[in-house]
Amino acid sequence: MFASLSAFSRFSASSAYRAFSVRGRGSARLTATAVASGLLAVGAIAAAGPAAAEEAPQHQGGAAATLDGLKTYDKAVIHTDGGDQRIPAGLFEMTVDGGGTLKTYCIDIHRPTQEQAKYLETSWGQTSLGTNGDAGKIRWILEHSYPQVDDLSALAEQAGVDSLTEQTAAAGTQVAIWRYSDHVKVDALDPKAEKLADYLEKNARDAAEPRPSLTLEPNAVSGKAGEKLGPVTVRTDADRVTVAPPADAAASGVEVVGKDGEPVTAAADGSELYFDVPAAAADGSSALTVQATTPVPVGRAFTGVTQSQTQILAGSSESTVSAGATATWAKKGAIPALSAKKNCAKGGVDVTAANEGDEPFSFELMGTEHTVEAGQSQTVTVPVQEDQPYSFTIKGPGGLNKNFKGILDCKTSAATGVGTTEEPRNQPSPAAAGDAPVAVAVDGPDLAETGSSNATPMILGIAAVFVVLGGAAVFFFRKKESAPGSGAE
């Protein structure tokens, strides 16, 4: 997390926003601290044991990686209203947490990359691909070009050229992808790379979204103490998945078991896992983690934890992937399982509340009250502003105190007008995060908006602080005018 963004979060956290109130036996008010420009911003809401608020990016499972930079590239020309601009185009590399290497292409040409940005494997529906009718064609291009096709002679023959280098093959592939991901006018500078881009664009066909490398469905369950809570189903292409028991297992007595009730330490695709909670266990919650080593499927999207251009996977080594699930239990009353994920089709975050208790579970969200009957589930979509960083802390019964954060990145920058100024900075794009800027001869200014910028986080942080200050000022003066002399705090 960049310092400026962290400062913004700390500054905004001084103002609490009431998001949930819960009624029922032993009910407690759930409060949230939100970071959003006048909007409630909700992250994944999953139960956790007594602890200080955790700050963790929203993630449904899979690989987590750090961007190492643009490594194999040539040049391209993007045609804009302000004139033609030359930019690097090619393959990025990422280092996977826990081991592994990924190769990716950009699918948001105008957005900057950030140095050593953290990325998370993500479903298409939580990115601009979710509303892009050409997303399947992008996956086809990835499957039928470099680096998946590493026989450059054969690839050159298909494209109708006498030869290709790794650099021109990467550039041609990236250009073809941009034409479908951003729907921009862009050409490869090298004629052979341009022929490859034209071939890929012309022949691209729809292909299905790839499965996650590893996920758990659902990632939050609930029920009564003395029961097996679940099932939580493993979804993966890995041959074997290791299962880590709850960290508090020794104290709580909770075990992770299979259908037969026997403790498990390993699983595979389709395995059903359960939290076996002792009848004498005090009301509370726990979590399990699964991990595997497997290649990540080509075509999986990767989004930045901070604002950094969205990437799509072109190749993967054997990589470490993981996923988690939580369980909440009580002896009686409403027993909610709360989860959330971004929904780009609806421009917000889906908050799901499932109630496995014996009393209704009621909560208030954005001024509207919702009630989930015993044994039922309900999903509410909370609108969040595009490109809006959000931070959300849940507090509730049993010491529940967990923070989730993220950024709603559902549109390409060209679609939102971000990064399309007429006077871009003098830095090429997409610049290699952590590398020196790539020197290119240009007819006009370089398109810095797809390049790395150390100043971008500071600018965003300052802008965010001014938004919060402005909102606070409006609130203060309205309150003062509406209740003069009231002595309201």
Side-chain angles (χ1 to χ4, degrees), residues 69-70 73-92 105-115 117 127-129 131-132 134 138 167-168 170-191 193-198 200-201 304 306-312 385-388 407 409-433 435-460 462-463 466:
L70 186 65
Y73 60 91
D74 201 80
K75 302 179 184 68
V77 178
I78 182 171
H79 309 288
T80 69
D81 292 340
D84 292 349
Q85 297 169 313
R86 295 189 187 182
I87 57 175
L91 273 172
F92 289 86
Y105 286 106
C106 160
I107 53 171
D108 192 351
I109 191 171
H110 290 288
R111 189 180 301 279
T113 57
Q114 300 301 331
E115 294 184 7
T127 72
S128 60
L129 297 175
T131 55
N132 184 343
D134 291 324
I138 297 172
Q167 290 74 24
T168 54
T173 306
Q174 176 67 92
V175 165
I177 289 171
W178 276 333
R179 291 173 182 174
Y180 284 124
S181 66
D182 293 74
H183 299 101
V184 292
K185 295 179 180 179
V186 59
D187 300 311
L189 192 62
D190 183 274
E194 173 63 12
K195 288 275 284 185
L196 174 61
D198 290 343
L200 294 171
E201 179 187 18
T306 54
Q307 288 186 340
S308 188
Q309 63 185 204
T310 305
Q311 306 278 314
I312 192 164
Q385 183 179 337
E386 176 68 15
D387 291 329
Q388 178 62 59
I407 294 174
D409 186 4
C410 291
K411 300 177 182 178
T412 62
S413 298
T416 61
V418 175
T420 56
T421 57
E422 295 182 1
E423 298 180 358
R425 299 179 298 276
N426 291 321
Q427 187 173 344
S429 163
D435 292 348
V438 182
V440 293
V442 296
D443 299 323
D446 291 324
L447 187 62
E449 280 69 23
T450 43
S452 168
S453 171
N454 292 326
T456 303
M458 182 177 295
I459 295 169
L460 290 172
I462 293 171
F466 276 112

Inset, instruction - Evaluate side chain to side chain contact (heavy atoms under 4.5 Å, CB included) for F92 paired with T113, printing each intermediate quantity in order. - result: CA-CA 10 Å; F92 289 86; T113 57; 3.9 Å; yes

Inset, instruction - For G172 and A197, work out which heavy atoms get closest and say how close. - result: O-CB, 3.3 Å

Legend entry - R179/E201 salt bridge by N-O under 4.0 Å criterion: yes

Legend entry - Side chains of T168 and L196 in contact at under 4.5 Å (non-hydrogen atoms): no

Inset, instruction - Indicate yes or no: at least one non-hydrogen side-chain atom of V77 is less than 4.5 angstrom from one of K75. - result: no

Legend entry - Closest non-hydrogen atom pair between V184 and H110, with its separation: CG1-NE2, 4.3 Å

Inset, instruction - Taking the side chain as every heavy atom from C-beta outward, state whether L129 and I312 have any atom pair closer than 4.5 Å. - result: yes

Inset, instruction - Keeping the roles fixed (side chain from Q307, backbone from D387), state whether a donor-acceptor pair exists under 3.5 Å. - result: yes

Legend entry - Side-chain donor/acceptor of Q114 to backbone N/O of T306, under 3.5 Å: no

Inset, instruction - Would you tell me whether T310 and D409 have side-chain atoms, one donor and one acceptor, within less than 3.5 Å of each other? - result: yes

Legend entry - Y73 side chain reached by L91 side chain, heavy atoms, under 4.5 Å: no

Inset, instruction - Write down the atom of C106, the atom of S181, and the distance for their closest heavy-atom approach. - result: O-OG, 4.5 Å

Inset, instruction - Using atom types as modelled and distance alone, determine if a side-chain donor or acceptor of E386 lies under 3.5 Å from a backbone N or O of C410. - result: yes

Legend entry - Test item: N132 side-chain N/O and Y180 main-chain N/O as donor-acceptor pair under 3.5 Å: yes

Legend entry - Euclidean distance, Q309 CD relative to D182 CG, rounded to 0.5 Å: 9.0 Å

Legend entry - Pairwise side-chain contact, V175 with D187, heavy-atom cut-off 4.5 Å (strictly under): no

Inset, instruction - For residues T412 and I107, determine if any side-chain heavy atom of one lies less than 4.5 Å from a side-chain heavy atom of the other. - result: no

Inset, instruction - With rounding to the nearest 0.5 Å, note down the distance linking OG1 in T127 to CD in Q311. - result: 12.0 Å

Legend entry - Any side-chain heavy-atom pair of W178 and I78 under 4.5 Å: no

Inset, instruction - Taking the side chain as every heavy atom from C-beta outward, state whether D190 and Q167 have any pair of such atoms under 4.5 Å apart. - result: no

Inset, instruction - Over all heavy atoms of both residues, which pair between V186 and A76 is shortest? Give the atoms and the distance, please. - result: CG2-CB, 4.2 Å

